[in-house]
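Just so you know, ligand 1 is whichever comes first in the structure, and atom 1 is the first atom listed for that ligand.
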Amino acid sequence: MMIETDNVKIGGLNKLKYAIIGYPVAHSLSPEMHEAGFKTAGIDATYERITIHPLELTAGISDLKANHFNGFNVTYPLKEKIIPFLDGLTSEAQAIGAVNTVKIENGLLYGHNTDGQGFVEALRRQDFDFNSKKVVILGAGGAAKAIAVSLACLNVYLLILNRTSEKAAALAEQVNLLGGKASGDILAPGTWLESVDLLVQTTSVGMKSEPYLFDLQGINPAAWAVDLIYNPAVTSLLSNAALHGCRTFNGLDMLLFQGVLAWDFWFGVKAPVDSMRKALVDKLSVCSE
Ligand SMILES: NC(=O)c1ccc[n+]([C@@H]2O[C@H](COP(=O)([O-])OP(=O)(O)OC[C@H]3O[C@@H](n4cnc5c(N)ncnc54)[C@H](OP(=O)(O)O)[C@@H]3O)[C@@H](O)[C@H]2O)c1
């Protein structure tokens with residue numbers, strides 16, 4: 001494989017440089033995932049973790065440019081803060097108002113967001129058909145926003161529930177402006193449980209293996225339940241959903257496919273999904289030992 005970018009060739013003489021930036025980034029699994037992909041695809045590239053404090057973003061971006069990075073991923077808390085530093089945004093990044101993937105070409109920075117499409121792709125690979133489905137999103141933070149915007153054009157009925165109900169209402173309004181069908185409300189159990197087809201848990205509740213905020217008693221047993229958290233692999237919400245008969249997934253495949261879609265943006269080539277997934281699974285099994 002030999003693909004031309006501005007001044008380098010994938011697998012050519014120049015080593016490509018990628019990174020993940022955030023604060024903190026020590027926990028990120030992206031380096032293992034992308035390095036495994038580079039190795040399988042024969043791309044001569046490195047991928048580093050780079051900690052950048054939000055107040056030092058100006059200097060951090062200058063360093064990335066000066067050190068000839070070809071691109072990077074962006075994680076908490078920089079996904080929105082990075083936008084003023086970018087020279088261009090894809091329509092997805094613009095609609096979501098946040099960036100998780102940046103490409104550097106001729107010294108210019110282009111931002112994209114693959115989080116929402118990564119979620120959609122992860123479910124499509126499991127043969128989930130979104131058409132006319134009732135989707136309930138628990139939470140209205142950054143991840144929920146990326147997913148809701150990606151679902152806006154998929155002919156789903158979206159209910160967004162959040163502790164701060166104003167944020168749920170604002171996100172629903174944004175989805176409707178994009179042509180979707182959404183409403184927002186306070187995060188609580190309700191009659192929605194009986195008719196939901198896809199439940200998407202996007203709050204940070206469960207990261208410390210704590211019990212979820214409510215029981216899913218009465219949930220449609222044919223519903224699929226996804227928790228964006230992947231460590232722990234089974235949150236209390238997922239075990240509760242399984243108890244009620246639902247098919248369950250954690251956030252590992254969303255993480256995988258946001259990375260896979262970053263390859264389309266960086267290289268314009270298909271990523272080696274299997275080796276990237278194996279790297280994630282291997283790293284997580286070490287982390288949970
Ligand atoms: N699998 C993946 O690839 C992937 C990608 C991105 C994120 N994630 C995971 O998704 C989760 C959210 O990330 P984010 O970036 O969206 O975070 P965020 O922007 O900070 O949003 C956090 C959300 O959680 C809600 N929340 C927090 N504590 C709560 C509590 N005690 N009770 C009820 N609601 C609570 C917040 O509600 P309020 O608005 O009321 O504060 C908000 O809706 C994290 O666990 C993150 O690791 C996974």
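Using a 4.0 Å cut-off between heavy atoms, N162 contacts ligand 1 through its side chain alone, with no backbone atom that close. Under 4.0 angstrom from ligand 1, the non-hydrogen atoms of T202 all belong to its backbone. For A140, every heavy-atom contact with ligand 1 shorter than 4.0 Å involves the backbone, none the side chain. Here Q258 has no heavy atoms under 4.0 Å from ligand 1, in either its backbone or its side chain.
Regarding atom 41 (O) of ligand 1, its nearest protein heavy-atom neighbour is R163 NH2, 2.8 Å. Of the protein's non-hydrogen atoms, the one nearest atom 9 (C) of ligand 1 is L228 CB, 4.0 Å. The shortest contact between atom 5 (C) of ligand 1 and any protein heavy atom is with M254 CE, 3.8 Å. Summary of contacts: the protein heavy atom closest to atom 44 (C) of ligand 1 is M207 SD, 4.0 Å. In terms of protein heavy-atom proximity, atom 25 (C) of ligand 1 is nearest to T203 CB, 3.7 Å. Atom 40 (O) of ligand 1 has its closest protein heavy atom at T164 OG1, 2.5 Å. Closest to atom 17 (O) of ligand 1, if we only count protein heavy atoms, is G142 N, 4.5 Å. In terms of protein heavy-atom proximity, atom 39 (O) of ligand 1 is closest to K167 NZ, 2.7 Å.
Numbered from 1 in the order shown, with element, the atoms of ligand 1 that lie under 4.0 Å from a heavy atom of Y230 read 1 (N). Atoms of ligand 1 lying under 4.0 Å from any heavy atom of G139, numbered from 1 in the order shown and given with element: 43 (O). Those atoms of ligand 1 with a heavy atom of S204 less than 4.0 angstrom away are 24 (O), 27 (C), 28 (N), 45 (O). Listed by number with element, the atoms of ligand 1 under 4.0 Å from a non-hydrogen atom of V205 are 29 (C), 30 (C), 31 (N), 32 (N).
Heavy-atom separations between Y76 and ligand 1 are all 4.0 Å or longer. Residue contact check for ligand 1: I229 places a non-hydrogen atom closer than 4.0 Å to it.
The nearest protein heavy atom to atom 20 (O) of ligand 1 is not closer than 4.0 Å. Within the 4.0 angstrom cut-off, atom 46 (C) of ligand 1 has no protein heavy-atom neighbours.
For F267 and Y18, the gap between ring centers is short of 6.0 Å.
Between L213 and ligand 1, not a single N/O pair is under 3.5 Å apart.
Listed here is the closest heavy atom pair of L16 and N70: CA-OD1, 3.4 Å. Considering all non-hydrogen atoms of both residues, I21 and V25 come closest at C-CG1, 3.6 Å.
A salt bridge is defined here as a Lys NZ or Arg NE, NH1 or NH2 lying under 4.0 Å from an Asp or Glu carboxylate O, and R125 with E121 meets this definition. Ion pairing of R124 with D129 is absent here, as no side-chain N (NZ or NE/NH1/NH2) approaches a carboxylate O to less than 4.0 Å. Residues K145 and D115 are not paired through a salt bridge, judged by the lack of any N-O separation under 4.0 Å between the basic side chain and the carboxylate.
Taking only non-hydrogen atoms, the option from A144, A146, A143 nearest to atom 16 (O) of ligand 1 is A143.
Contact annotation: the side chain of M276 approaches that of W263 to within less than 4.5 Å [non-hydrogen atoms, C-beta and beyond]. Residues N113 and T90 fail the side-chain proximity criterion, which asks for heavy atoms closer than 4.5 Å. When side chains are defined from C-beta on, L228 counts as touching I147, because their heavy atoms get closer than 4.5 Å. Side chains of L237 and N240 form no contact here, defined as non-hydrogen atoms less than 4.5 Å apart. Contact check for P54 versus L78: side-chain heavy atoms found under the 4.5 Å cut-off. No side-chain heavy atom of T75 sits under 4.5 Å from any side-chain heavy atom of S28.
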(request) Give the C-alpha distance, both sets of side-chain angles, the deciding distance and a yes or no for salt bridge (charged side-chain N to carboxylate O under 4.0 Å, His left out) between K134 and D197. (result) CA-CA 5 Å; K134 290 184 180 149; D197 296 305; over 6 Å; no
